[in-house]
**Q** 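One structure follows; several queries about it will come next.
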There are 2 protein chains.
Amino acid sequence: MLKTHLKSSKEYQPGLSIDCVIFGFDDNQLKVLLIKTGYDNSWSLPGGFVSIDEDIDTAAVSILQARTGLKGIFLRQFATFGAVKRNQNHFSSDALAYFGIPLEEEKWYKSRFVTIGYYALVNFSKAIPQPDNPGEMVEWIDHHEVPKLILDHREILDKALETLRTELNLMPIGYNLLPEKFTIPELQKLYETILGRTLDRRNFLRKITAIGILTKLDEKKSNVAHKAPNLYSFDKDKYEEVLKNGLTQGW
Amino acid sequence: MLKTHLKSSKEYQPGLSIDCVIFGFDDNQLKVLLIKTGYDNSWSLPGGFVSIDEDIDTAAVSILQARTGLKGIFLRQFATFGAVKRNQNHFSSDALAYFGIPLEEEKWYKSRFVTIGYYALVNFSKAIPQPDNPGEMVEWIDHHEVPKLILDHREILDKALETLRTELNLMPIGYNLLPEKFTIPELQKLYETILGRTLDRRNFLRKITAIGILTKLDEKKSNVAHKAPNLYSFDKDKYEEVLKNGLTQGW
DNA sequence: ATGCTATGTGTTAATATGACGCAATGTACA
DNA sequence: TGTACATTGCGTCATATTAACACATAGCAT
């Protein structure tokens, strides 16, 4: 929510912020990148402000890149939150002093902010969480074990997950969350984790391969406890095509 | 985009506006409520600003009510638009003078606005379009015949329709767009119009009735050219229930 | 009466889905 | 070394859903 080298508030779009729900998949867990403030150890979503001369989408990309070091990531706006009370009483005068905010900027920080929510899907192993403010911690947290978050960030996170669940039915997802080579069981675990329920192995295989975005590699996963599963990769071209057209739907 | 009795810009959330895509269905056409400015006859979506002490959702409801006189309408936020250039050069000094904006407020009007898009589904026959500024025209326009719109309103409209199409697959729609009593062919036309393609009569009936939200009335439509079709109504309770749980999906 | 058009209902084949069975592969360990 | 166990790969079958189509009926126009 704050950046180390704050420009003057005049250089930012007033009353507007961006919060990102960054999802990663590791150890069969859906994880979310969260930030623990140095000031009071409170947890929040990574976010930031929008420069006056910056598109909101660009601002979201910048925040994401600053936090994960990644470019060209799957990033999608999903909702905007603007309840009057959403950031009421959030920045105490003490907190603003801690962050070195000059007095004349207090009013800016204490006014209502409308925040635009983006969610991102990133390759866990390639992302390098980067603290931005001193004393800050950036951590991947299992989405089942998210601590209390500031403001309405919990609501934002929930909405992001709900959106992701819906989009799972409308388009192929996984390309951005898995390493280049992966197994069908891994992909299934990802789906199961996002949906929060189990799926039948055999039916999953049939359905996921029918989409036509997977390439079966002539290679098996090594160092596994049981029968070595086959490795697959995404067919980038076909994946992009399905992303554009969407999966077949109802009507 | 403007209101007759403008409060001082200080009473509004800075740099933020709301634009509504209001859909209605009449004469087998999907129509959109548009506004023609008195100033230069340019067309735009109905919109407005957000008071500093007003939730964004509440602001959207207010705008909708002001334009259609309707309360309790289906209203849904679908996207937020914030390209830097989106309203660059929109309000000329002449225009601001026309609207009676004091000089000291010019900067406010000329800065970038981020706008939150909402779409609404309303009962065409019950809505009473209401002009807000003098010389303004409020009209229902067939969505196929929408004229050139100001700013990025065309993009906003397209995105709203795209969202509506997707949501058609996720939840029942029609309750808010049709009169209390309607026929299956009418409902089908609505779906066809939204989707932009024809559907098979018989399959449509089977599928739409299977949802369990329709009540077949013991009454036929009168004054029709051919065989009188049966009238139906929505079962409000079941409709709400399906709205909440969504239609059955893939995975 | 006859033709035209739109509605109401039913049929059938193809496809998709959900629920399982069983053999193959590799680890753990007696 | 070989037996138990967990996991993968592939297949089957009953059922549900979908798409495509046929036919009778109702009401207006002439």
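These values consider heavy atoms only, across backbone and side chains, with no hydrogens, waters or symmetry-generated copies. So you know, we letter chains A, B, ... as the sequences are listed, proteins then strands, and number each from 1.
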**Q** By nearest atom, which of the nucleotides dC10(D), dT7(C), dC21(D) is closest to the Lys227(B) side chain?
**A**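 For the Lys227(B) side chain, the nearest candidate turns out to be dT7(C).
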**Q** dA19(D), dC22(C), dT9(C): which one has an atom nearest the side-chain heavy atoms of Arg202(A)?
**A**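 From the listed options, dC22(C) comes nearest.
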**Q** When you check the phosphate oxygens OP1 and OP2 of dC10(D), does a side-chain N or O of Lys216(A) lie under 4.0 Å from one of them?
**A**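 For Lys216(A), the contact criterion (side-chain N or O under 4.0 Å from OP1 or OP2 of dC10(D)) is met.
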**Q** Would you kindly say whether Tyr191(A) and Glu186(A) are connected by a side-chain donor-acceptor distance under 3.5 Å?
**A**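 Judged by distance alone, the side chains do not pair up.
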**Q** Let's see if you can work this out: which of dT8(D), dG18(C), dC22(C) has an atom nearest to the side-chain heavy atoms of Arg206(A)?
**A**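 For the Arg206(A) side chain, the nearest candidate turns out to be dG18(C).
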**Q** From C-beta outward on Pro229(B), which listed nucleotide comes closest to its side chain: dT7(C), dA19(C), dG9(D)?
**A**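 So the side chain of Pro229(B) is nearest to dT7(C).
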**Q** Looking at dA20(D), dG8(C), dG26(C), which one has an atom nearest to any side-chain atom of Arg201(B)?
**A**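 Nucleotide nearest to Arg201(B)'s side chain: dG8(C).
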**Q** Answer yes or no: is there an ion pair linking Arg86(B) with Glu155(B), defined by an N-O contact shorter than 4.0 Å?
**A**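 Salt bridge between Arg86(B) and Glu155(B), a charged N being under 4.0 Å from a carboxylate O: no.
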**Q** Is there a side-chain polar atom (N or O) of Lys207(A) under 4.0 Å from OP1 or OP2 of dT17(C)?
**A**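 Yes.
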**Q** Between Asp200(A) and Asp200(B), name the one whose nearest nucleotide on DNA chain D is closer to the 5' end.
**A**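 First, find each residue's nearest nucleotide; the 5'-ward one identifies Asp200(A).
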**Q** Does atom NZ of Lys238(B) have more than 12 heavy-atom neighbours, drawn from other residues, nucleotides or ligands, at distances under 6.0 Å?
**A**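 No, NZ of Lys238(B) has 12 or fewer neighbouring heavy atoms, counting only those of other groups under 6.0 Å.
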**Q** Describe, in one word, how the ring planes of Phe234(A) and Tyr175(A) are oriented to each other, choosing from parallel (under 30°), tilted (30 to 60°) and perpendicular (over 60°).
**A**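 Because their plane-to-plane angle is over 60°, the rings of Phe234(A) and Tyr175(A) count as perpendicular.
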**Q** If each of His226(B) and Ala228(A) is mapped to the nucleotide of DNA chain C with the nearest heavy atom, which maps nearer the 5' terminus, i.e. the 5' end?
**A**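 Of the two residues, His226(B) wins.
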